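Inspection log for the structure reproduced underneath, given as structure tokens.
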2 protein chains.
Amino acid sequence: MPNMYCEREKEHLQSVQRAKEGVLSHTDVQKMCKIFQVLADSTRMKIVLALMKGEMCVYHLAEVCDATVSGVSHQLRILRDNGIVRTRRFGKNVEYSIADDHVREMVDLAVTHLSCVGATL
Amino acid sequence: MPNMYCEREKEHLQSVQRAKEGVLSHTDVQKMCKIFQVLADSTRMKIVLALMKGEMCVYHLAEVCDATVSGVSHQLRILRDNGIVRTRRFGKNVEYSIADDHVREMVDLAVTHLSCVGATL
DNA sequence: TGAACATTTGAACAACTATTCAAATATTCA
DNA sequence: TGAATATTTGAATAGTTGTTCAAATGTTCA
């Protein structure tokens, strides 16, 4: 059902064709979204920002993020399940750290974006 | 209420201090999250991926994204309100395009991330 | 102006998600 | 082993959000 009335049909068809050629499968798109979804919560973002400064246990993360230990633990599981953070037992504590450098880059880009357009948003 | 029993208290305190020094305000963190939130939906991601190939109207976007025109329009409003896409009237049509290069970079990074670790997630 | 096309909007519903509290599981050490 | 510390888990709830359908708004052109 092509839109026969769209005035820019010809110009669009090129874009449409390129878009359809390079199109990712629906599941691939969902996997991409997952990365953003995981970073789309402020508690999780605070956790990631904190861990970018160094390894920490749940208790200290809760302190930095101004959240409950339980809440932080729940969010850490999501970060862990999605390969964003890594865990390491050290005695009674569990040490959390950033697992993936792409995440650092994305967060840094978001900070840049914020300082560029943040004032106007 | 410092955790007096955490065995790595001293090491953590450095991380905690750095984290607290560079800490963003809660509203700034929320603004950062907003960017990720906007890209965290598969319909919106498909729209952005399509527009990265060229300008298009709502109808063609709906075709490429395999969604309804109304649904795409709703999501375009969110992208527009968050400075991700730009609009331009052209006769009866409204042409949408990517407004912000940071978004391109972030999406590209996510694609890279997907091809690196996507298989294992 | 009115008919046809193109896009947006609003309301309603269903699905998802973050948070909280209480309870369970690990780990260490006396 | 049992007490103390540290973290995780499950269930419940409240808030958010994407989709759908119908109706409204814009735009062009005869």
Side-chain angles (χ1 to χ4, degrees), chain A residues 1-9 11-12 26 29-30 33-34 36-48 51 55-63 65-82 85-97, chain B residues 1-9 11-12 26 29-30 33-34 36-48 51 55-63 65-82 85-97:
Chain A
M1 43 169 157
N3 179 8
M4 286 321 193
Y5 308 101
C6 175
E7 300 183 23
R8 307 209 75 188
E9 182 78 4
E11 290 91 337
H12 285 184
H26 184 66
V29 174
Q30 282 181 321
C33 290
K34 197 74 196 170
F36 291 101
Q37 244 177 62
V38 171
L39 295 170
D41 173 73
S42 55
T43 302
R44 287 195 293 269
M45 181 56 81
K46 285 179 189 172
I47 292 172
V48 169
L51 290 180
E55 205 177 41
M56 258 181 270
C57 67
V58 184
Y59 187 96
H60 283 125
L61 279 171
E63 195 187 338
C65 300
D66 195 32
T68 66
V69 167
S70 172
V72 169
S73 183
H74 274 295
Q75 301 311 324
L76 279 168
R77 160 147 298 276
I78 293 172
L79 290 168
R80 197 172 184 267
D81 287 346
N82 287 277
V85 303
R86 188 174 33 207
T87 63
R88 189 163 71 80
R89 263 264 167 212
F90 188 88
K92 272 185 271 193
N93 298 109
V94 176
E95 304 288 325
Y96 281 88
S97 56
Chain B
M1 41 169 156
N3 179 6
M4 288 319 195
Y5 308 99
C6 173
E7 299 182 23
R8 309 208 73 189
E9 182 77 5
E11 289 91 338
H12 286 184
H26 184 67
V29 172
Q30 282 180 321
C33 290
K34 197 76 196 169
F36 290 102
Q37 247 177 63
V38 171
L39 296 170
D41 173 71
S42 55
T43 301
R44 286 194 294 269
M45 180 59 80
K46 284 179 190 172
I47 292 172
V48 169
L51 290 180
E55 206 177 39
M56 259 181 269
C57 67
V58 185
Y59 186 95
H60 282 126
L61 278 171
E63 195 188 336
C65 300
D66 195 33
T68 66
V69 168
S70 171
V72 169
S73 184
H74 274 296
Q75 300 314 322
L76 278 168
R77 160 145 297 277
I78 294 172
L79 290 168
R80 196 172 184 269
D81 287 347
N82 287 278
V85 303
R86 188 173 35 207
T87 64
R88 189 164 70 82
R89 264 261 168 214
F90 188 87
K92 275 185 268 192
N93 297 111
V94 176
E95 305 287 325
Y96 282 87
S97 56

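A note on names: the letters A, B, ... follow the listed sequences, proteins ahead of strands, and every chain is numbered from 1. Predicted, not measured: the structure shown is a model, and the values here were computed from it.
The distance from atom CG of B:Leu79 to atom P of C:dT8 is 12 Å, rounded to the nearest whole Å. Separating the OH atom of B:Tyr59 from the C1' atom of C:dA4 is a distance of 15 Å, rounded to the nearest angstrom. Here D:dT19 presents its P atom at 9 Å from NZ of B:Lys46, a figure rounded to the nearest Å. Rounded to an integer number of Å, the gap from CG of A:Asp66 to C1' of C:dT19 is 14 Å. Following rounding to the nearest Å, A:Leu61 (CG) and D:dT8 (C1') show an atom-to-atom distance of 15 Å.
Among the nucleotides C:dT27, C:dT7, D:dT19, the one closest to any side-chain atom of B:Gln75 is D:dT19. Comparing C:dT8, D:dT9, C:dT9 against the side chain of B:Val58 picks out C:dT8 as the nearest. Considering only side-chain atoms of A:Ser70, the nucleotide from D:dA6, D:dT7, C:dC21 that sits closest is C:dC21. Here D:dG18 is the nucleotide among D:dG18, D:dT7, C:dT19 with the atom lying nearest to any side-chain atom of B:Asp41. Nearest nucleotide to the side chain of A:Arg77, out of D:dG18, D:dT7, D:dT9: D:dT9. In the set C:dC5, D:dT7, D:dA6, the nucleotide with an atom closest to the side chain of A:Lys92 is D:dA6.
Within the 4.0 angstrom heavy-atom criterion, only backbone atoms of the sugar-phosphate kind lie near A:Gly91; the bases stay farther away. At the heavy-atom level, A:Arg80 lies nowhere under 4.0 Å from the strands shown. Contacts of B:Glu95 with the nucleic acid, taken as non-hydrogen atoms under 4.0 Å apart, are absent.
Relative orientation of the B:His12 and A:His60 rings is perpendicular, given thresholds of 30° and 60° on the angle between their planes.
B:Leu61 contributes atom CG, which lies 11.5 Å from atom OG1 of B:Thr43 (distance to the nearest 0.5 angstrom). In this structure, the separation between CZ on A:Arg88 and CD on A:Glu95 is 6.0 Å, given to the nearest 0.5 Å.
In this model, the phosphate group of D:dG18 is approached by a side-chain N or O of B:Arg44 to a distance below 4.0 Å at OP1 or OP2. OP1 and OP2 of D:dT5 both lie 4.0 Å or more from every side-chain N or O belonging to A:Asn93. Taking side-chain N and O atoms only, A:Gln37 has no distance below 4.0 Å to OP1 or OP2 of C:dC16. Using a 4.0 Å cut-off, no side-chain N or O of B:Arg89 falls inside it from OP1 or OP2 of D:dG26. Contact between the side-chain N/O atoms of B:Tyr96 and the OP1/OP2 oxygens of C:dT8 is found at a separation under 4.0 Å.
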Before you tell me yes or no, could you show the steps for B:Met45 and A:Gln30 under side chain to side chain contact (heavy atoms under 4.5 Å, CB included), namely the whole-Å CA-CA distance, both residues' side-chain angles and the distance that decides it to 0.1 Å? CA-CA 9 Å; B:Met45 180 59 80; A:Gln30 282 181 321; over 6 Å; no

Apply side chain to side chain contact (heavy atoms under 4.5 Å, CB included) to A:Ser42 and B:His26, showing your working. CA-CA 8 Å; A:Ser42 55; B:His26 184 67; 4.0 Å; yes

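A donor-acceptor contact under 3.5 Å is not formed by the side chain of A:His74 with the base of D:dT7.
Residues A:Val38 and A:Asp81 fail the side-chain proximity criterion, which asks for heavy atoms closer than 4.5 Å.
Comparing A:Phe90 and A:Thr43 against DNA chain C, the residue whose closest nucleotide sits nearer the 5' end is A:Thr43. With DNA chain C read from its 5' end, the first of the two nearest nucleotides for B:Val94 and A:Ile78 is the one closest to B:Val94.
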